[in-house]
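So the structure is just underneath, and the comments pick up after that.
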Amino acid sequence: MVNSTKEIISPSYTSIDWKKIREDFPILKREVNNQPLVYLDNAATSQKPQLVINAIAHYYSYYNANVHRGVHTLSQEGTNAFEASRNTIKEFINASKTEEVIFTKGTTNSINLLAYSWGRKFVKEGDEIMISAMEHHSNIVPWQILCEEKKALLKVIPINEKGELIWEEFLRLLSDKTKLISVVHISNALGTINPVKAIIEEAHRRNIWVHIDGAQAAPHLQIDVQELDCDFYSFSGHKMCGPTGTGIFYGKEKWLEEMPPFEGGGEMIKTVSFEKTTYNDLPFKFEAGTPHIEGAIVLAEAIRYLQSIGLSNISTRENELVHQTTTRLKEMDGIRFIGTAIHKSSVVSFLVNNIHPYDMGMILDKMGIAVRTGHHCTQPLMDFYRIPGTVRASFSFYNNENDIDRLMEGVKKSIQMLS
Amino acid sequence: MVNSTKEIISPSYTSIDWKKIREDFPILKREVNNQPLVYLDNAATSQKPQLVINAIAHYYSYYNANVHRGVHTLSQEGTNAFEASRNTIKEFINASKTEEVIFTKGTTNSINLLAYSWGRKFVKEGDEIMISAMEHHSNIVPWQILCEEKKALLKVIPINEKGELIWEEFLRLLSDKTKLISVVHISNALGTINPVKAIIEEAHRRNIWVHIDGAQAAPHLQIDVQELDCDFYSFSGHKMCGPTGTGIFYGKEKWLEEMPPFEGGGEMIKTVSFEKTTYNDLPFKFEAGTPHIEGAIVLAEAIRYLQSIGLSNISTRENELVHQTTTRLKEMDGIRFIGTAIHKSSVVSFLVNNIHPYDMGMILDKMGIAVRTGHHCTQPLMDFYRIPGTVRASFSFYNNENDIDRLMEGVKKSIQMLS
Amino acid sequence: MSSIADIEKEITEDFELFDDWEGKYEYLIGLGKDLPLIDEKFKTDEYIVRGCQSRVWLHASHDGNRVFYTADSDAIITKGLVALMIKVLNGQKAEDIAKAELGFIDKIGLKEHLSPTRSNGLVSMVKQMKLYALALIKTN
Amino acid sequence: MSSIADIEKEITEDFELFDDWEGKYEYLIGLGKDLPLIDEKFKTDEYIVRGCQSRVWLHASHDGNRVFYTADSDAIITKGLVALMIKVLNGQKAEDIAKAELGFIDKIGLKEHLSPTRSNGLVSMVKQMKLYALALIKTN
Ligand SMILES: Cc1ncc(COP(=O)(O)O)c(C=O)c1O
Ligand SMILES: Cc1ncc(COP(=O)(O)O)c(C=O)c1O
């Protein structure tokens, strides 16, 4: 059950049988509208391999119990697996301590934790929080709420037409009032990979905190929070083959120690009396209430699965699929790509002529092809491009060339029907 | 998959084969320390029937996708099941609208939502929040945090030795500064069933809001929020045969409409721009980020399972088990019951002589018996009784007479070894 | 003019000609293209029925008894569905509109579009159309 | 006096006499009962090692080279384990204490009690004992 992740050495790229990996995912055998499913909505949530599903069933059939503080065997086994998972995640992102790994409900929950706890302690009237023009609503709204309450200012790093941050503008926006920069590592709508390491360096030179929204990065890139030197990092388990309702908030220990608790309740206290309550040590201070035990334990199983393939192999494979898709879409008349950054990951967002993304999504669905259409929770970004949304095909390592063929057929057919 | 719950008519008590129901729970076949497991830690978390485990596997193998806003079939099926679950829960607690049912991570998360959203809007300096002396930390700490921030006062309804609220004291504590009463429906440490309906009536006569912590009530009693007329009600899914990481926050629509959002992010917005963000309608306003989709959908399956047995049959059965246990424990020398209220539910908390609860818990565990020992996240209550904790056997309908026999053996053996 | 039920029947018969989704959707798209455009002055936020992905604009008027609708959508499939609804309800008596069950959508195999969790704005549009009729009944 | 390794070996041999958990736990409980009590004045918050369920009080002193411990716990099984630890480490050289691996706990089948997720205060106690020894080494 609980293996160390350290020993996993990823296989060489050429030795991987991608066709066989596909068979790990039971849902991919499904038919939709009488066609075998083509799932290209991975940026919204990933599918789960059989071993993750089995690990859930095993948890509930064998050692389900409430964790921490329990004396009995089930509780002890559950707690051991829960804390072992924390350790697996710590190693996965190369945090320096398990105390820095907080289980949350997802990226959104992680960012809200940061905004409520760190924000309420460190942000004062007139301070500035900096985000970018390509943020997901989850990395916009919590800061708007905070800024409104604290009378702080939200500054937005602009982007160019390709969907890249404009470096000079970023530098110009930095000021001695900037308290925190919170930017997305990989944009879910564009696929842009942002130069987060360079941003962190610039920020730290000025004693500015940096939070990275890694929701789209953790499933596709090898993350190393120590090498990045970010102060905070958030991501979601459900986007990386793990169960729904799981997420991680990473923070440097020294900051987490200084931050007040966010939610109050069981688990997060040391002692409670009506007169005085003292809070628990890290990481528990930030984990009020019964956690999503199944989710936390099984997330480690998902991570071991990803590691058994190797994150760098995963990136390579996905880049290949994105490259093929882009090349083939380019041949079509009237195609417009949204997001053409030089550094790009697993996402292809596009529009054709003036076909509404919703219409194309409907036709593709009729053909068994699942893509996402709409604003992808990045309305300000859509406003920048003056479009209502895009059609987005987002790839995972278990997609293949046949999926691309089917997507091309689908796009052609929708153009034909909708033009 | 998605049946209406309205039509479920519970069977008559005598027609229920309790032995057969036990077979629905795969974990109960397990051995712990070479003995068949006796699980008496149900108040911490319940076990899950096979059909709940199957429903999880089915979800991930067949229609896992991110919900809401998705055009494709999987997303649509997931969304339909998600919203159908909300409806099942609405009917389960007899809320008047699905808009009043908010999915959360658990009771703790629900109470924090209330404290952050309602509290920050309605509580002013000098206001009073009233809780009771038997509250779980989850219904203490969020109010302490709020009161400290707002310079409000936390008032505590005292209890008598039996573990019952003292009604006259409650009335005496009410004042025109009282803004909210938040009390536990059934105490997890004592089993006391509180007269919440009467409390709500008194409160409403004075225009005081009432929140009920129903974590221990929802699994054991038929809840009817309209009949109670409570303003807010919280409970956890994992304590009622549902997946971990699930909970419900119920609120009357008129209050929820007035309350500001708690967490910000995807799902909870209508439109976002950097200048102005407008929030989504209920219930989505309070559900930021990708929800725990598996958990929310499968919670409905757990509820249908409970309803197929019938909540009133469940109560009757559990009362029978509690009665037997109490009667047999009473025969032992040196036994002291903690919590002897007239109205009691599924919990038996006790101490023997001056045996430390931890020691008894250890010996019971060696015999394959899982009870909870310690303060049960109710430290102020333990301080009231001047004890470090109790041994708590908490029952579910799937427990049986053999479990009680084994518990008696275990208690006898621990007394013999530890005295 | 024909009753709601009659028009629904007619449409259902039209759709019976198609044995696959393509025919249906091509027909729907055609209807969308043919829909008499709403007066541009009504394509404002005041007349919008907001879906999450496609938007619908709806304008209603009446002669004291019957209700008249014009509408538009930025997505063509939604517009086709909007056209179907208008075909059925336009010019009908307020009473009939208020109680119309619109079962034909199910019969022609497009039920999914009227599911309450669909984010295309259509469900809200139908609700709007009926609310308008109800309001008229009340003022009479 | 005997080395840490020797005492560990002795204890391991003692425990080999028991072929079931009951024997082991009766022995452990007996050890707990026999543990020379800590001076009452050290049973204060200053000397507490807080577990979630049972509490341990630990007092340490030294002669410049060797470390001496007394301790107590409110739970008798924890106290038995505390007694074992004191048996092994009391009066040993600071250097030896600092590097002791205490593998005997595993060998005698009580490993679970030293799991980092156990909430009995024992893990923290062992840590405290070692920290004290380390501090002494540093000041020398
Ligand atoms: C009475 C009571 N309130 C609140 C809680 C907290 O519930 P959860 O841990 O699921 O958030 C519990 C459960 O431990 C409880 O028994
Ligand atoms: C870049 C980015 N940030 C944040 C989120 C929010 O993640 P979650 O919905 O899991 O909270 C997402 C996913 O939708 C995302 O893609």
Side-chain angles (χ1 to χ4, degrees), chain A residues 26-27 30 32-33 44-45 47-48 53 56-57 60-62 64-66 69-74 105-106 108-109 112 137-138 140-142 144-145 156 238 243-245 263-266 269 271-274 277 288-290 292-295 358 361-362 365 370 372-374 377 379-380 383, chain B residues 26-27 30 32-33 44-45 47-48 53 56-57 60-62 64-66 69-74 105-106 108-109 112 137-138 140-142 144-145 156 238 243-245 263-266 269 271-274 277 288-290 292-295 358 361-362 365 370 372-374 377 379-380 383:
Chain A
I27 205 171
R30 187 181 161 174
V32 163
N33 292 323
T45 198
Q47 295 305 339
K48 321 301 170 198
I53 302 171
I56 296 175
Y60 284 126
S61 311
Y62 197 70
N64 169 62
N66 211 326
R69 298 175 325 250
V71 164
H72 60 80
T73 302
L74 293 191
K105 205 162 82 173
T108 305
N109 187 218
N112 280 280
H137 294 163
S138 294
I140 302 174
V141 186
Q144 290 183 320
I145 294 175
V156 182
H238 69 93
T244 60
E263 298 199 13
I269 56 91
T271 59
V272 174
S273 74
F274 293 123
T277 288
T290 303
H292 180 6
I293 308 169
E294 165 223 313
Y358 178 80
M362 280 300 311
D365 180 55
R372 183 124 314 215
T373 59
C377 289
Q379 283 185 4
D383 293 345
Chain B
I27 206 171
R30 187 182 160 172
V32 163
N33 291 323
T45 198
Q47 295 305 339
K48 321 300 171 200
I53 302 171
I56 296 175
Y60 285 125
S61 311
Y62 197 70
N64 169 62
N66 212 326
R69 298 175 324 248
V71 165
H72 60 80
T73 301
L74 294 191
K105 204 164 83 174
T108 305
N109 188 217
N112 279 280
H137 294 163
S138 294
I140 302 176
V141 185
Q144 290 183 319
I145 294 175
V156 183
H238 69 93
T244 60
E263 299 199 12
I269 56 89
T271 60
V272 174
S273 73
F274 293 123
T277 289
T290 303
H292 180 7
I293 308 167
E294 165 223 314
Y358 179 79
M362 280 300 311
D365 179 56
R372 183 123 315 215
T373 59
C377 291
Q379 283 184 6
D383 293 345

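Chain letters run A, B, ... following the sequence lines, proteins first and then strands; every chain starts at 1. Keep in mind it's a predicted model, so treat the numbers as computed, not measured.
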[X] side, atom [atom1]; [Y] side, atom [atom2] - distance, nearest 0.5 Å:
{"X": "A:N33", "Y": "B:H72", "atom1": "CG", "atom2": "NE2", "answer": "12.0 Å"}
{"X": "A:I293", "Y": "B:H238", "atom1": "CD1", "atom2": "NE2", "answer": "7.0 Å"}
{"X": "B:K105", "Y": "A:H292", "atom1": "NZ", "atom2": "NE2", "answer": "9.5 Å"}
{"X": "B:S61", "Y": "A:K48", "atom1": "OG", "atom2": "NZ", "answer": "11.5 Å"}

Discussion item. Restricting to non-hydrogen atoms, name the atom on B:P142 and the atom on A:G265 that form the minimum distance, rounded to 0.1 Å.
Written reply: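 Closest approach of B:P142 to A:G265, heavy atoms only: CD-N, 4.5 Å.
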Practice prompt. Looking only at non-hydrogen atoms, find the nearest pair between A:A44 and B:N66 and report the distance.
Written response: O-ND2, 3.0 Å
Give a yes or no answer on whether the side chain of [X] reaches the backbone of [Y] with a donor-acceptor pair at less than 3.5 Å.
{"X": "A:S138", "Y": "B:G266", "answer": "yes"}
{"X": "A:T244", "Y": "B:E294", "answer": "yes"}
{"X": "A:D365", "Y": "B:T73", "answer": "yes"}
{"X": "A:D383", "Y": "B:S273", "answer": "no"}

Worksheet item: Who are the side-chain contact (heavy atoms from CB on, under 4.5 Å) partners of B:T277, not counting sequence neighbours?
Response: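 So B:T277 forms a side-chain contact (heavy atoms from CB on, under 4.5 Å) with A:V141, A:Q144, B:I269, B:V272, B:Y279.
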Worksheet item: Of all residues at least two apart in sequence or in a different chain, which pass the ring pair (Phe, Tyr, Trp, His ring centres under 6.0 Å) check with B:F274?
Response: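 None.
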Within the 4.5 Å heavy-atom criterion, are [X] and [Y] side-chain neighbours or not?
{"X": "A:L74", "Y": "B:V32", "answer": "yes"}
{"X": "A:P243", "Y": "B:Y60", "answer": "yes"}
{"X": "B:T45", "Y": "A:N64", "answer": "yes"}

Worksheet entry | Top of B:Q379, B:H137, B:R30 for chain A proximity - count of heavy-atom pairs under 4.5 angstrom |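 Highest number of heavy-atom pairs under 4.5 Å: B:R30.
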Item to complete: Go through A:G245, A:G106, A:C377, A:A65 and name the one with the most non-hydrogen pairs under 4.5 angstrom from chain B.
Response: A:G245
